[in-house]
Amino acid sequence: MRRIRLGTVCLLLTGLLGFGVGQGAVAQTSETQAFQSDDYPLNVITVATGLRHPWGMAFLPDGRMIVTEREGDIRIVTSQGEISSPLKGLPKAYIRGQGGVLDVALDPRFPENDLIYVSFSEPGSGGAGTAVFRARLDLREGSLKDGRIIFRQEPKSAGGRHFGSRLVFAPDGTLFITIGDRGERDRTQDLTINRGQVIRINSDGSIPSDNPFVGVAGKRPEVWSYGHRNAQGAALHPTTMRLWTVEHGARGGDEINLPEAGMNYGWPVISYGRHYSGGKIGEGTRKPGYEQPLYYWDPSIAPSGMTFYTGEAFARWQGDLFVGSLKFGQLIRLELDGTRILAEERLLTGLDDRIRDVRQAPDGLIYLLTDDYDGRILRIAPR
């Protein structure tokens, strides 16, 4: 039985702070909202506004953030909210529906090689598909250099739905990429193409020799797991280093999964959701040969963004899992015992913003991106 607790908004304090930060930058508004959780009183501080549907975020070694905008750009943002002009050198994205510039990740050896990885919906023959671009970040010139595509979802297809996509590096240096089913659920079980999968590649785009389908006829060697619908959150567990993902269901059936090599997570053969029409999906909720989710939501929360908390600022939350909710504008905290979810607390009720991404900063505070044409970066601190 799930135990759900709702955090509530207490007050709103507003002030103004302007920044002149160069061409393409946006004046900032400093705003603090106060909320209460079971364990802490919280301040939610607006760090920056004016971002166009911010989607993914990573922290640079100097404390600045690199932030993607689904509308086609990447910017550098300081902890004071100063926003750079768009970085140069990014490939053209297919900006339609859920498509655009999506996630960003730093190479594990970034301090030595300056490499970053960007997922985006790439236009091409047949429509568009998720792709991953690798380039060297030149902060002095504000540009991406020596860039190349290291993964392409094949084949491309029409429409603007279900691109995924999150990027997570494993301890061995391989890169996990989540890709959606592109709204083509009937093709998700077909391993001759890329639909609804977790991909695993080396950082240069080559295929790891220990991937589960290497050398298997009729199955793509880059596939790690399959039968996923549209995973828009992914993170490594800080102790086990196993990959966890969170994916959208249809009408209900949002899932947390622990993707294992070669395993089939069921979409659309089994699901805890229903079609938006109300009709049944597939053959029920269970079937031999298909993995069960670790946890699911019904009704849906529309999950996006995921992080495990390991910092000191919220010591009582160490080891907990945080997931953003687009539908309810909440931050979901899941209390864990190993892979068992003990309780769920819904934080920031009343924030009234679609939460797209969740990250822990180097100082142990929690940062959020809100999905809006006037999107925000939010910082959560104990009050």
Point-to-point distance, once rounded to the nearest 0.5 Å, from [atom1] of [X] to [atom2] of [Y]:
{"X": "R359", "Y": "L368", "atom1": "CZ", "atom2": "CG", "result": "11.5 Å"}
{"X": "H53", "Y": "R354", "atom1": "NE2", "atom2": "CZ", "result": "8.5 Å"}
{"X": "S225", "Y": "R200", "atom1": "OG", "atom2": "CZ", "result": "11.5 Å"}
{"X": "L378", "Y": "D357", "atom1": "CG", "atom2": "CG", "result": "11.5 Å"}
{"X": "I76", "Y": "S84", "atom1": "CD1", "atom2": "OG", "result": "5.5 Å"}
{"X": "D181", "Y": "H248", "atom1": "CG", "atom2": "NE2", "result": "11.5 Å"}

Shortest non-hydrogen contact between A58 and L106, atoms and distance: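 Closest heavy-atom pair between A58 and L106: CB-CG, 4.2 Å.
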Which atom of Q330 lies closest to which atom of R346, heavy atoms considered: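 So the minimum-distance heavy-atom pair works out to OE1-CD, 3.3 Å.
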Sole candidate of F322, Y40, F35 that passes side-chain contact (heavy atoms from CB on, under 4.5 Å) when paired with L347: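 Exactly one candidate clears the test, F322.
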Could you check if a side-chain atom of [X] sits within less than 4.5 angstrom of a side-chain atom of [Y], using non-hydrogen atoms only?
{"X": "I199", "Y": "V132", "value": "no"}
{"X": "P238", "Y": "Q360", "value": "no"}
{"X": "S203", "Y": "R109", "value": "no"}
{"X": "K156", "Y": "Y94", "value": "no"}

Residue that, paired with D73, satisfies salt bridge (Lys or Arg N to Asp or Glu O under 4.0 Å) out of R52, K92, K88: R52
Indicate yes or no: does [X] engage [Y] in a salt bridge with an N to O separation below 4.0 Å.
{"X": "R195", "Y": "D190", "answer": "no"}
{"X": "E260", "Y": "R242", "answer": "yes"}
{"X": "R166", "Y": "D103", "answer": "yes"}
{"X": "R379", "Y": "D363", "answer": "no"}
{"X": "D39", "Y": "R333", "answer": "yes"}
{"X": "R229", "Y": "E255", "answer": "no"}
{"X": "E31", "Y": "R376", "answer": "yes"}

W55 six-ring centre to R70 NZ/CZ under 6.0 Å and within 45° of normal: no
Cation-pi, F163 ring and R182 (6.0 angstrom, 45 degrees):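 Here R182 passes the 6.0 Å and 45° test against F163.
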More than 12 heavy atoms of other groups within 6.0 Å of R148 CZ: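 Count over threshold, so yes.
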E344 side chain to Y295 side chain, donor-acceptor N/O pair below 3.5 angstrom: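 Looking only at side-chain atoms, Y295 and E344 do form a donor-acceptor pair, the distance falling under 3.5 Å.
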Qualifying residue for ring-ring contact (aromatic ring centres under 6.0 Å, His included) with Y117, from F133, F176, F169: F169
